[in-house]
Amino acid sequence: MIFSKILNRWYSNNKRELPWRQTNNPYFIWLSEIILQQTQVSQGLPYYMSFIEEFPTVFDLAKAEESKVLKLWQGLGYYSRARNLHVTAKYIVKVLNGQFPNNYKDLLKLKGVGDYTASAIASICFNEVTAVVDGNVYRVLSRYFGIDTPINSSKGAKEFKQLAQEIIDQKDPATFNQGIMEFGATQCKPQNPDCESCPFQSSCVAFDRKMIHQLPVKNKLNKASKKHFNFLVILSKDQKTILEKRQGKGIWQNLYQFPLIESKKELVHKEIIVALKDHEFLKGNIFEVSLFNETAILHKLTHQHLFTKFWIISVDEIKREGISVNDIHNYPVPILISNFIDDFNF
DNA sequence: AAACCGGGGCT
DNA sequence: AGCCCAGGTTT
């Protein structure tokens with residue numbers, strides 16, 4: 001029996017009921033696909049619910065302030081997704097009169113939409129025969145066909161895209177695409193795949209050769225670098241503090257944080273005092289410094305390990321523009337900062 | 001082609 | 001500690 005036939009049957013018996021599977025509206029499908037990039041359903045689902053409630057249409061999203069979009073995205077990570085989501089919403093409203101692109105080629109022009117997302121929207125919403133290749137599809141195809149090309153190489157990307165395009169169901173690409181991803185997510189899992197009850201077992205190359213655990217092949221990634229973050233939590237007698245908006249290229253762009261001193265080595269109390277003397281908003285000011293967490297908090301990102309200390313700095317008054325500590329919850333902040341705000345009991 | 005970009009969950 | 005995840009953009 002052909003691949004897509006078995007897959008279709010498996011999917012109709014095993015698919016999860018998810019909110020974005022109740023619709024073909026490209027706005028909702030686009031939103032769900034952006035949220036689910038690099039993100040598991042369990043993590044993304046509550047964010048999807050918040051977004052469709054707050055922004056029921058692309059017009060509502062386009063009207064919003066970026067900081068509000070980032071606030072709603074807070075904790076989900078890869079914040080360029082949220083910034084691009086907002087940029088694209090405004091583009092669709094202002095340039096395309098609210099009309100969503102209805103084919104792969106035009107979808108690909110949207111910021112934040114690459115090959116995977118364009119294929120997903122084009123197939124699910126418009127029945128276009130374009131195969132999706134996400135982490136699940138890589139895994140399923142590499143195992144089923146016994147392909148050991150590294151999936152995180154440009155050669156692998158081409159090879160698997162072409163293969164997926166060859167076996168996709170021409171009549172129902174939407175079900176095929178969603179089915180193969182769902183199959184990878186819940187049955188042909190990275191660890192402990194359920195081969196015993198798998199409908200593909202008899203024709204799966206990796207199962208036949210006992211190679212399930214060796215596939216897919218992935219090139220090694222670089223090790224995470226280590227950095228030390230010292231956040232300056234400035235508190236004045238009139239209950240004000242300072243938050244700064246992160247500018248530039250690096251992580252957490254356009255999110256807010258306490259003033260930061262970054263260093264390659266761990267800093268102790270004495271060194272912080274020295275560094276503070278030069279700080280513009282403390283120069284000539286009398287202040288006291290205490291350390292909130294004696295041992296640094298380790299915040300792990302994919303490419304960076306951040307050893308973090310929060311320094312509590314008491315001053316009489318904040319000369320520079322400060323914010324009331326009561327308003328601190330309104331700003332979009334990295335989860336690292338958000339956790340501190342909760343622990344500190346602002 | 002390689003680097004960069006979060007955070008949570010599992011083993 | 002290492003690996004995984006419903007990828008895309010920048011360099």
Side-chain angles (χ1 to χ4, degrees), chain A residues 15-16 18-21 29-48 70 73-85 87-88 107-121 123-124 131-140 150-158 160-161 164 174 177-186 188-193 213-227 246 248-255 297-306 332-339:
Chain A
K15 74 185 247 193
R16 292 168 288 183
L18 297 167
W20 48 86
R21 289 189 175 151
I29 299 301
W30 167 63
L31 179 59
S32 72
E33 293 299 345
I34 301 297
I35 287 175
L36 292 171
Q37 287 169 6
Q38 308 297 95
T39 303
Q40 302 189 150
V41 167
S42 58
Q43 191 189 0
L45 181 56
Y47 287 85
Y48 177 81
L70 286 172
W73 198 272
Q74 180 178 305
L76 198 53
Y78 285 125
Y79 296 92
S80 65
R81 291 184 293 171
R83 296 191 300 268
N84 289 335
L85 189 78
V87 167
T88 292
L107 285 161
L108 209 46
K109 295 173 186 167
L110 303 177
K111 202 155 194 181
V113 174
D115 181 81
Y116 163 77
T117 308
S119 300
I121 300 172
S123 61
I124 294 170
V132 295
V133 183
D134 72 337
N136 292 307
V137 177
Y138 279 123
R139 187 168 55 255
V140 171
I151 61 173
N152 56 346
S153 65
S154 51
K155 182 167 182 282
K158 281 183 203 164
F160 283 97
K161 175 77 182 184
N177 278 342
Q178 294 176 88
I180 192 169
M181 290 191 286
E182 184 80 340
F183 177 73
T186 66
C188 194
K189 296 174 290 184
Q191 266 78 38
N192 306 316
H213 298 286
Q214 277 86 286
L215 294 173
V217 172
K218 202 170 185 178
N219 286 326
K220 287 271 184 261
L221 299 176
N222 295 331
K223 274 189 185 170
S225 64
K226 294 177 180 174
K227 290 181 181 172
R246 283 187 69 97
K249 290 270 171 189
I251 58 173
W252 303 329
Q253 187 183 126
N254 293 6
L255 275 69
I297 296 166
L298 174 56
H299 187 68
K300 289 175 148 188
L301 287 65
T302 304
H303 299 285
Q304 296 180 46
H305 288 357
L306 307 178
V333 297
I335 205 66
L336 174 63
I337 304 284
S338 175
N339 289 340

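Because only heavy atoms are used, hydrogens play no part in the values below, and waters and symmetry mates are left out as well, while side chains stay in. Convention: sequence-line order gives letters A, B, ...; per-chain numbering from 1.
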Rounded distance (Å) that lies between atom [atom2] of [N] and atom [atom1] of [X]:
X      : N     : atom1 : atom2 : result
A:N136 : C:dC3 : CG    : P     : 19 Å
A:D134 : C:dC5 : CG    : P     : 9 Å
A:F160 : C:dG7 : CZ    : P     : 15 Å
A:N219 : B:dA3 : CG    : C1'   : 14 Å
A:W30  : C:dG7 : CH2   : C1'   : 16 Å
A:H213 : C:dC4 : NE2   : C1'   : 15 Å
A:L298 : C:dG2 : CG    : P     : 13 Å
A:L306 : B:dC5 : CG    : P     : 10 Å

What's the separation between atom [atom1] in [X] and atom [atom2] in [Y], rounded to the nearest 0.5 Å?
X      : Y      : atom1 : atom2 : result
A:L255 : A:W73  : CG    : CH2   : 12.0 Å
A:N192 : A:H213 : CG    : NE2   : 7.0 Å
A:I251 : A:S80  : CD1   : OG    : 12.5 Å

**OP:** Provide the distance between the two P atoms, one in B:dT11 and one in C:dA6, to the nearest whole Å.
**Re:**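 Result for the P pair: 15 Å, nearest Å.
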
Original post:
How far does the P atom of C:dT10 sit from the matching atom of B:dG6, given to the nearest Å?
Top reply: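 Their P atoms lie roughly 14 Å apart.
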
Original post:
Is there a donor-acceptor contact under 3.5 Å from the side chain of A:Q253 to the main chain of A:G248?
Top reply: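 Answer holds: yes.
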
Original post:
Got a donor-acceptor contact below 3.5 angstrom from the A:N84 side chain to the A:K111 backbone?
Top reply: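 No.
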
**OP:** Look at A:K220 and C:dG2 and indicate whether a side-chain polar atom (N or O) is within less than 4.0 Å of OP1 or OP2.
**Re:**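 For A:K220, the contact criterion (side-chain N or O under 4.0 Å from OP1 or OP2 of C:dG2) is not met.
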
**OP:** Give a yes/no answer on whether the side chain of A:R139 brings an N or O atom under 4.0 Å of OP1 or OP2 in C:dC5.
**Re:** yes

Base, sugar-phosphate, or nothing for [X], non-hydrogen atoms under 4.0 angstrom?
X      : result
A:W20  : base
A:Q304 : sugar-phosphate
A:G44  : nothing

Below 3.5 Å between N/O atoms, which protein atoms pair up with nucleotides 8-10 of chain C? Just atom names and distances, please.
residue, atom, partner, partner atom, Å
C:dG8, OP1, A:G114, N, 2.9
C:dG8, OP1, A:G114, O, 3.4
C:dG8, OP1, A:T117, N, 2.9
C:dG8, OP1, A:T117, OG1, 2.6
C:dG8, OP2, A:D115, N, 3.4
C:dG8, OP2, A:Y116, N, 3.1
C:dT9, OP1, A:G112, N, 2.7

Between the protein and nucleotides 7-11 of chain B, are there any N/O to N/O pairs under 3.5 Å, and if so, what are the atom names and distances?
residue, atom, partner, partner atom, Å
B:dG7, OP1, A:Y79, OH, 2.8
B:dG7, OP1, A:I335, N, 3.2
B:dG7, OP2, A:W252, NE1, 3.2
B:dG7, OP2, A:H299, NE2, 2.7

Original post:
What pairs with A:K300 under side-chain hydrogen bond (donor to acceptor under 3.5 Å, both in side chains), at least two apart in sequence or on another chain?
Top reply: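 Not a single residue meets the side-chain hydrogen bond (donor to acceptor under 3.5 Å, both in side chains) criterion with A:K300.
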
**OP:** Record whether the side chain of A:R16 comes under 3.5 Å of the base of C:dA6 through a donor-acceptor pair of N or O atoms.
**Re:**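 By the distance-only test, no, there is no pair.
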
Subject >> pair A:H299-A:P334: side-chain heavy atoms closer than 4.5 Å >> reply: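 Heavy-atom side-chain distance check fails, nothing below 4.5 Å.
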
Original post:
Between A:Y116 and A:E33, do the side chains contain an N or O donor and an N or O acceptor separated by less than 3.5 Å?
Top reply: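 Indeed, the side chains of A:Y116 and A:E33 share at least one donor-acceptor pair under 3.5 Å.
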
